[in-house]
Undergrad: 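For reference, the structure I am asking about is given below.
Throughout, a chain's letter reflects where its sequence line sits, starting with A, and its residues are numbered from 1.
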Number of protein chains: 2
Amino acid sequence: MSCMYPRAMRSRPLAADRPLAQQVRMRLAEGMAAGEWKPGEALPSESELASAFGVAIGTIRKAVDGLVAQQAVVRRQGKGTFVAAHDPRRLMFHFFHVVGRDGTKAYPEVTTLDFRRDRAGPADAAALGIAPLDRVFRIRNVLTLGDRRAILDDIALPAALFPGLTEKIFLARENTIYHLYQSRYGINVLRTDERLRATQASREEARQLGIAEGAALLEIRRVAFTFRDRAVELRLSRVDSEHFEYHNTLGKGEPL
Amino acid sequence: MSCMYPRAMRSRPLAADRPLAQQVRMRLAEGMAAGEWKPGEALPSESELASAFGVAIGTIRKAVDGLVAQQAVVRRQGKGTFVAAHDPRRLMFHFFHVVGRDGTKAYPEVTTLDFRRDRAGPADAAALGIAPLDRVFRIRNVLTLGDRRAILDDIALPAALFPGLTEKIFLARENTIYHLYQSRYGINVLRTDERLRATQASREEARQLGIAEGAALLEIRRVAFTFRDRAVELRLSRVDSEHFEYHNTLGKGEPL
DNA sequence: AAGTGGTCTAGACCACTAG
DNA sequence: TAGTGGTCTAGACCACTTC
């Protein structure tokens, strides 16, 4: 006698034809994007999710595996599964690849030089996936690593994603800018796209970084994305290449 | 009545206490590192592996999942699981991140300027994990992208990993240098570590790249690793940053 | 003791590939 | 048609956390 093969959710209308686990993963991702579970909060337990979605617990586990691989959630044995929060290690992985040439790996200290409201130019709009003339916030920061000015950052944020943001709120943030994105706006950066090139310091750049005009600068143009590949930040970084470098490891996974 | 819980391999001596799936993955990785299955060849089928290792097929699948994530193997439905080969897409992912500033994404054409036997200096030795004065091969290449010289490469290879390599063999290679590593020496690059900084072209660099002395150069110092995190190549690249840039995406995984 | 994630098993059916 | 990987189920036991 053959076994029943109960296909849960078989009556779901929009269920595409993707594997169940992927469908579950997308539904969970949407929930996080919509703020149903905020960064740091716990998702329902796997058995709860299994009965809620009407699938086997193994399918839930596979779905969550995908979210873990994306670093969208973190599992803690005996406690639960939590929406990823920006602990320092996560920051290091996703955002901060600049290290001292001598091997130093300090966390940067940020000083904000300027904060203003503006409208997007054509290049900003293309990078951020918004319309030209849409509102943006522009921020200029200097990042210090170990008592030395290392990086000059120009950041552009689509104002639509950061309702009510003001210079006061921005400057009053407790931790990093990513904590702000996350805690106040529930925005979690999942992917970044970076383009690097070499330039030479302009007079103004040299002054603000405390280096010589014409010194070698490493320029990084980065776009950060959240759920649904929505761009949340455009950042132009200029790194003092005399004392710092960009470090990148490809092909991770556990050893062997 | 409770179910039996047959723990296969329970008598294995060195079986550490790692999960079964990880043990299986490591055994498979060792087999590939030892050349038991060479790049492009098929592994035994999952059911064969399951009975060979004495574990459930689901455990084999989990082990292979890990190898797939590492890009050490590729699955093909209906055909089998194959040791990764250096198709162009894989190359693009692991090795080649330089693109035209206008968005061009061509494959590079390589011209070898020099090939010689030498001994490792202290810096080479440290990067490659070998002893100073160990034998190395040194190669200088110029890479051309779309009719323009783009990159000047200085490569150092530990001679111990490339027995019998000669300039003649090196120059007679059909495809890329990675095809050579793979087809002749069974070496598969799984991980790379890259450090980038900005410099200015020396007189010789300028001459060999056909650019102006003092022009902005993007310098990439890369170490490539194979199984067991063994370093197989040290490469110093200098990129014409006027016309090209380095492109990097972090946090992949399927969308959403 | 109860609840959570972590690992493993056993076996079903599906989809693709080849002879 | 036979064999391969791809998906899903159902349920066992293990390890960690909290009360």
Undergrad: So, is Thr59(A) close to the dT9(D) phosphate, meaning a side-chain N or O under 4.0 Å from OP1 or OP2?
TA: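 Yes, Thr59(A) has a side-chain N/O under 4.0 Å of OP1/OP2 on dT9(D).
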Undergrad: For Arg101(A), which residues count as a salt bridge (Lys or Arg N to Asp or Glu O under 4.0 Å) partner, sequence neighbours excluded?
TA: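 Salt bridge (Lys or Arg N to Asp or Glu O under 4.0 Å) list for Arg101(A), sorted by chain: empty.
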Undergrad: Quick one: Phe82(B) CZ to dG3(D) C1', roughly how many Å, whole number?
TA: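 Distance, rounded to whole Å: 12 Å.
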Undergrad: State which residues pass side chain to side chain contact (heavy atoms under 4.5 Å, CB included) with Ser45(B); sequence neighbours excluded, sorted by chain then number.
TA: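 With neighbours one apart ignored, the set is Ser47(B), Glu48(B).
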Undergrad: Which value, rounded to the nearest 0.5 Å, describes the distance between Leu67(A) atom CG and Leu43(A) atom CG?
TA: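 Rounded to the nearest 0.5 Å, the CG-CG separation comes out at 8.0 Å.
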Undergrad: List the residues meeting side chain to side chain contact (heavy atoms under 4.5 Å, CB included) with Thr166(A), not counting sequence neighbours, and say none if there are none.
TA: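 Thr166(A): side chain to side chain contact (heavy atoms under 4.5 Å, CB included) contacts with Lys168(A), Ile169(A).
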Undergrad: Where the side chain of Leu20(B) is defined as all heavy atoms beyond and including C-beta, which of dC8(C), dG5(D), dC8(D) is the nearest nucleotide?
TA: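 In terms of side-chain proximity for Leu20(B), the closest of dC8(C), dG5(D), dC8(D) is dC8(C).
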Undergrad: Restricting to side chain to side chain contact (heavy atoms under 4.5 Å, CB included), what partner residues turn up for Ala33(B), sequence neighbours left out?
TA: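 Phe227(B).
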Undergrad: Are Arg75(A) and dG6(C) close enough that a side-chain N or O sits under 4.0 Å from OP1 or OP2?
TA: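 Yes, because at least one side-chain N or O of Arg75(A) sits under 4.0 Å from OP1 or OP2 of dG6(C).
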Undergrad: Near DNA chain C, counting only heavy atoms under 4.0 Å, which residues of residues 44-52 of chain B show up?
TA: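 Nothing qualifies; none.
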Undergrad: Go through the structure and list residues passing salt bridge (Lys or Arg N to Asp or Glu O under 4.0 Å) with Arg76(B), not counting sequence neighbours.
TA: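 Arg76(B) satisfies salt bridge (Lys or Arg N to Asp or Glu O under 4.0 Å) with no residue once adjacent residues are dropped.
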Undergrad: Going by side chain to side chain contact (heavy atoms under 4.5 Å, CB included), name the residues that satisfy it together with Glu36(B), two or more places apart in sequence or in a different chain.
TA: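 Listed in chain order: nothing, the list is empty.
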Undergrad: CZ of Arg18(A) versus P of dA15(C): gap in Å, rounded?
TA: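 Computing the Arg18(A):CZ to dA15(C):P distance gives 17 Å.
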Undergrad: With sequence neighbours excluded, what pairs up with Tyr181(B) under the ring-ring contact (aromatic ring centres under 6.0 Å, His included) test?
TA: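 So Tyr181(B) forms a ring-ring contact (aromatic ring centres under 6.0 Å, His included) with Phe162(B), Tyr178(B).
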Undergrad: Tell me: NZ of Lys62(A) to C1' of dG6(D), nearest whole Å?
TA: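 Value for this atom pair: 7 Å.
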Undergrad: Return the set of residues passing salt bridge (Lys or Arg N to Asp or Glu O under 4.0 Å) with Arg75(A) (not counting sequence neighbours), or none when no residue passes.
TA: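 Once residues adjacent in sequence are excluded, the partners of Arg75(A) under the salt bridge (Lys or Arg N to Asp or Glu O under 4.0 Å) criterion are Glu46(A), Asp65(A).
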Undergrad: Kindly compute the distance separating CG (Asp193(A)) from CG (Leu250(B)), expressed to the nearest 0.5 Å.
TA: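 Atom-to-atom, Asp193(A):CG and Leu250(B):CG are 9.0 Å apart.
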Undergrad: Between dT7(C) atom C1' and Asp65(A) atom CG, what is the distance in whole Å?
TA: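 Rounded to whole Å, this separation is 12 Å.
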Undergrad: Using salt bridge (Lys or Arg N to Asp or Glu O under 4.0 Å) as the criterion, list what pairs up with Arg235(A), not counting sequence neighbours.
TA: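 If we apply the salt bridge (Lys or Arg N to Asp or Glu O under 4.0 Å) test to Arg235(A), skipping adjacent residues, the hits are Asp153(A), Glu233(A).
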Undergrad: Please report the distance, rounded to the nearest Å, between CD1 in Ile57(B) and P in dT4(D).
TA: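 Computing the Ile57(B):CD1 to dT4(D):P distance gives 9 Å.
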Undergrad: Between N or O atoms, less than 3.5 Å apart, protein on one side and nucleotides 16-19 of chain C on the other: list the pairs.
TA:
residue: dC16(C); atom: O4'; partner: Gln77(B); partner atom: OE1; Å: 3.1
residue: dA18(C); atom: OP1; partner: Lys79(B); partner atom: NZ; Å: 3.4

Undergrad: Does dG5(C) have OP1 or OP2 sitting under 4.0 Å from an N or O in the side chain of Arg61(A)?
TA: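 Indeed not, no polar side-chain atom of Arg61(A) lies that close.
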Undergrad: Starting at the 5' end of DNA chain C, what dot-bracket string do you get if Watson-Crick and G-U pairs under 3.5 Å are bracketed, crossing pairs use [ ], other-strand pairs use | and unpaired bases use dots?
TA: ||||||||||||||||||.
